Structure formats: structure tokens, C-alpha cells
Amino acid sequence: MASLPDTFLAPKTWGQAYLPASGQVCPLPSIKLLLLPMSSIVIIDYGVGNIHSAMKGLKRFASDVVLSEDPAVIRAASALVLPGQGAFEAGMEGLRKRGLIDEVKNAGKSGKPILGICLGAQLLLERGHEFGDWEGLGFMQGEVVRFPALKNEKTPHMGWNSIHTPAAGLRPAGWKGTPLEGLKEGSEMYFIHSYILQPKNPEHVIAETTYGGLTFPSVIGTGNIIGCQFHPEKSGETGLQILKQFVEMAA
Amino acid sequence: MKPRIIARLDIKGPNVVKGIHTEGLRVIGKPSDLARKYYQQGADELVVMDIVASLYGRSPDFDLMRSVADELFIPLTMGGGIQSVQDINNFLRAGADKVAINTYATRHPELISEAVKQFGSQCIVLSVEAKRTGSGPGSGPVRWEAYTDGGREHSGLDAIEWIKKALDLGVGEVLLTSVDFDGTRKGFDMELLAAVAAFAQVPLVIHGGAKDPKSLTQALKDGHADAVCCASILHYDEWTVENLKKGLEADGIPTRHVPSP
């Protein structure tokens with residue numbers, strides 16, 4: 001063990017699949033290549049919210065799912081999931097502290113599929129206005145704003161609501177080619193949020209949802225980047241379908 | 001939005017337990033088994049509470065909590081013994097989407113604001129165990145006291161005033177339990193529900209007393225609850241979530257349909 005080069009040792013945040021059982025490390029350097037998670041899906045661990053369900057949901061469809069805050073592991077991933085629940089500021093600060101902001105930005109620019117969930121979706125935009133004014137990852141122009149006061153409904157928007165292709169008609173192909181492909185119009189998803197996604201470009205709206213008379217984007221995306229305001233990993237078997245198709249995109 | 005039908009598991013040691021008025025606990029079964037059962041029945045959410053953690057001043061069994069989370073792909077609220085932001089993080093890591101705070105916060109309300117700042121208000125649920133007080137003849141209008149430690153201890157706080165304060169501090173949901181009606185299967189405490197629904201601007205979950213679909217309809221329609229939380233009627237197989245939803249649909253309340261596998 002002691003004679004192995006440092007680089008041989010897997011970071012502790014790697015998934016079990018890559019960690020050899022204690023005492024079984026093969027000393028042959030060529031094995032190193034086999035241990036590299038070349039096609040792994042990395043759930044970014046940045047200290048906010050529940051990653052358990054996302055992990056469990058993705059593992060249904062992909063064998064190589066790891067949770068990591070290690071920039072090297074994130075760089076080697078074939079796809080990234082930015083989970084999260086909580087405040088915008090805490091989210092960006094969680095990424096910054098771990099030196100991950102540029103990692104995620106670069107991954108997105110390089111064409112790697114990125115799925116943002118809830119807070120993770122909000123961080124994909126340029127700015128957030130929760131407890132102040134904060135810079136986001138900026139994959140899409142636009143900002144995250146508080147739910148305007150609704151006449152007959154409460155905020156947070158918490159519970160099951162349906163998703164629809166945008167009424168504006170800017171998506172003639174519907175959800176084809178996105179992880180939502182094949183889902184029924186009006187599929188029910190679990191939402192829990194007080195802030196909403198406001199991308200500047202209406203073409204970045206993949207699905208929308210209506211609550212208290214307000215219609216807002218519930219899925220946004222551009223190219224390899226997609227963000228769901230709801231929790232696909234909490235939306236029963238219907239939501240898992242989105243994770244399945246994201247995994248297939250990443251393969 | 002469609003109302004949520006929530007199944008609740010009260011945990012003591014390795015078991016799901018259930019009592020009446022939070023007393024006389026009986027063992028119902030294994031948490032992960034019951035979680036799976038209610039997920040498959042179409043529950044919209046699950047609440048899992050370690051009901052003795054505060055009383056014994058200890059942390060819940062996070063492995064057990066995780067075993068419950070493993071069974072579900074629906075939202076999960078967990079609670080029991082929360083005293084710090086770190087405790088909340090532990091619950092979230094065990095698979096919770098929301099955490100319910102009660103005992104500690106009644107003495108240290110600043111925990112609520114800290115938690116809201118860190119995790120967002122939608123993550124922080126105020127669990128209130130309200131017990132009637134002074135509702136006897138000649139004692140004036142009905143009032144409720146907020147109880148703690150799994151419905152066993154007095155906090156000295158007026159439940160309604162406490163909820164108002166917690167809302168000001170930013171809680172994103174109120175899980176309102178009637179200690180008087182808990183486990184009785186005689187319908188919800190509609191007076192309590194009305195007293196809170198009158199001002200609550202966040203989702204309100206009523207718990208304690210679920211009897212049948214009619215009682216749920218009453219709470220959702222007349223009582224303006226956003227969700228109903230059921231335990232005994234599910235544990236003792238009097239109703240399934242599916243049948244409760246059928247009853248609600250018959251009363252004109254739409255529910256979430258669970259696609260058949």
C-alpha cells in the first residue's frame with residue numbers, strides 16, 4: 001500500500017463501486033485506468049439539501065453514480081447532477097467554498113450533460129434574489145425571483161402539480177430530445193419552492209406549471225443543460241422516468 | 001393544487017408505534033415495511049418522527065431513517081430531537097426533504113431563523129402538538145397549549161401564539177397535531193384547524209383523528225387544510241391510501257393519480 005503512488009488512491013468521496021475492498025488493491029499500475037470513473041454520473045455534494053433520493057433514483061438506471069465534492073472527480077464525470085434544496089446564497093457559497101464554480105461552468109461549456117434539481121436548477125441562471133442578490137452559474141440568462149403574492153394560494157408552492165409544454169408554442173417538437181420525452185402532458189411532479197425560474201429567453205422554457213393563477217417555468221434548459229424546479233426523484237415513478245432519460249443522454 | 005394525503009410513521013426504537021392521545025404506544029411494524037406499503041398505496045408524502053428522541057435527549061437512529069427513505073420516491077418529512085442546524089443536516093443526509101421542529105424551538109426560537117436561513121423556509125416544518133386547555137364550562141373560549149416531547153410535556157406556550165411567532169420566523173409549513181384527537185379515529189379537531197387556518201399563509205397539515213374519507217373531505221374543504229396526515233386508520237388497515245383517495249374523488253376533491261406500474 002505505502003509504495004503505491006498517491007494518485008492511485010481513490011478519493012474518499014468516490015462511490016463504493018470504485019473503492020477496492022481493504023487489502024485488495026492491485027499493485028499493477030495499468031489497473032489504475034480501469035478504476036477511473038470515465039462514464040460516471042457525479043452528484044455534486046456541495047452541502048445543501050437531500051442527495052439521498054437523487055442517488056437512489058439515478059442508481060436505478062446507472063451503475064456508476066457517485067457523490068463527490070472533489071474537483072478531479074467532477075472533471076472526470078460524464079454527466080453532472082446539481083441537486084439541492086435551500087437558499088440560493090447557501091448554494092453558490094457551497095460551490096465556491098469547494099472550488100467548484102469554475103468546474104461546473106467548464107463542464108457545462110464542454111457539453112457535459114448537467115441536470116439541476118430545484119435549487120440546482122435555479123443556480124443555472126445568472127442571478128438569484130433570495131436573502132440578497134447573488135450571482136449564479138449563468139448557463140442561461142435570467143434570474144430567480146420570489147413568487148409574487150398570489151391571490152388564492154400560499155407560498156411556498158409545496159405539493160404535487162402538473163407540467164405542460166409551454167403555451168407560447170416555441171417548442172414545436174414538444175419534449176422530444178429532452179429527458180422529458182415520452183412523458184404525458186400534465187404529468188404530476190412534486191414541487192417545493194418559494195422562488196421561481198425566470199429565464200430571459202422563452203426558448204429556454206421546456207415546461208411550465210400554473211399555480212395560483214401564475215404560470216411559471218418548471219423545466220428550463222439549453223443544449224446539454226437542463227433544470228427542473230420540481231424534484232423528479234421525489235415524484236414517484238413518473239419523475240424517475242426523467243432521471244432514466246437523463247442517464248441515457250449521458251451514456 | 002391537489003391536497004396531499006400523508007402517511008405518518010411514529011418511531012420508537014426499531015419500530016413504528018401508535019398510541020391514543022400520544023399515550024399507550026403499540027408496536028405496529030417495521031418502519032421500512034410500512035414506508036413501502038404506503039408508497040405503493042399511493043401516499044403523496046410520508047412523515048417519519050422519532051417520538052422519543054427529545055424526551056430522552058438523544059439523536060434519532062439515522063440508519064433507520066435512511067432505511068425508510070430507501071423505500072420511497074415521494075417527499076419525506078422527518079423529525080425528532082432536532083436541536084441544531086447540524087441535526088437538520090443529518091436528517092437531510094438521511095433522506096429527508098423537510099424537517100419538523102418542535103421541542104427545542106419552543107425554548108430556542110432562534111433555531112428556526114437559523115434553519116430557514118441555511119436551508120430555506122420550504123425545508124422547515126413547525127410541528128405543533130396542541131392540547132386543549134380551559135375549554136370547560138365557564139372557562140371562556142377554547143384555547144390550546146403547545147406540548148413538546150412527543151405530546152408529553154407542557155411548553156407553557158399558547159399554541160396559536162406560538163404558531164404565529166414561528167411563521168414570523170419563517171417556517172414553511174405547519175404540521176398541526178391535536179393531542180386530544182390523536183389516535184381516536186373520530187375525525188379531526190375542526191376548531192383547532194379553523195383557528196390556525198384563519199391566519200396561516202403557509203401550507204397547513206392537519207393530523208390527529210383521521211377517521212374516513214368524509215373526515216378528510218371535511219378537513220380539506222371546510223377546514224382549508226392543505227394536507228391531511230393519517231396514521232391509525234392506515235396502520236390498522238381500516239383504509240388504504242388508495243381507498244381514501246377514491247372517497248375524496250367521490251366528494252369532488254381531485255387527488256394525485258398514481259400511474260399503475
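Just the heavy atoms: all of them, side chains too, but no hydrogens, waters or symmetry mates, feed the values below. Model, not experiment: these values are computed from the prediction. Just so it is clear: chains get the letters A, B, ... in the order the sequence lines come, proteins before strands, and each one is counted from 1.
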For this session: Walk me through it: do B:H257 and A:T238 pass the test side chain to side chain contact (heavy atoms under 4.5 Å, CB included)?
Result: CA-CA 11 Å; B:H257 295 277; A:T238 318; over 6 Å; no

Problem set entry | Part of B:Y39 lying under 4.5 Å from any heavy atom of chain A |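 For B:Y39, the contact with chain A is made by the side chain alone.
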
Exercise. Which region of B:L204, side chain (C-beta onward) or backbone (N, CA, C, O), has a non-hydrogen atom less than 4.5 Å from a non-hydrogen atom of chain A, or is it both or neither?
Worked result: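 Contact with chain A involves both backbone and side-chain atoms of B:L204.
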
Exercise. Would a distance-only check, ignoring hydrogens and angles, find a side-chain to backbone donor-acceptor pair under 3.5 Å from A:K234 to B:I74?
Worked result: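 Yes, A:K234 side chain to B:I74 backbone: donor-acceptor pair under 3.5 Å.
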
Problem set entry | Any donor-acceptor N/O pair, B:K117 side chain to A:A87 backbone, under 3.5 Å |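 A pair under 3.5 Å: no.
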
Exercise. Between B:Q122, B:R4, B:E173, B:K98, which shows the greatest number of heavy-atom pairs under 4.5 Å with chain A?
Worked result: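 Maximum pair count with chain A is reached by B:Q122.
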
For this session: Please determine, among B:L72, B:D70, B:I124, the option with the most heavy-atom pairs under 4.5 Å with chain A.
Result: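 With the most close heavy-atom pairs to chain A, the winner is B:D70.
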
With a 4.5 angstrom heavy-atom cut-off, could you sort out which part of [X] is near chain B: side chain, backbone, both or neither?
X: A:E237; value: both
X: A:E93; value: neither
X: A:L240; value: side chain

Hey, what do you get for [atom1] ([X]) to [atom2] ([Y]), rounding to the nearest 0.5 Å?
X: A:T209; Y: B:M1; atom1: OG1; atom2: CE; answer: 10.5 Å
X: A:W160; Y: B:T255; atom1: CH2; atom2: OG1; answer: 12.0 Å
X: A:H52; Y: B:M65; atom1: NE2; atom2: CE; answer: 12.5 Å
X: A:H231; Y: B:D97; atom1: NE2; atom2: CG; answer: 6.5 Å

Is the count of non-hydrogen atoms from other residues, nucleotides or ligands lying under 6.0 Å from [X] atom [atom1] greater than 12?
X: A:K184; atom1: NZ; answer: no
X: B:K37; atom1: NZ; answer: yes
X: A:E126; atom1: CD; answer: yes

Problem set entry | Minimum heavy-atom distance A:P156-B:G172, with the two atoms named |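 That closest heavy-atom pairing would be CD-O, 3.6 Å.
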
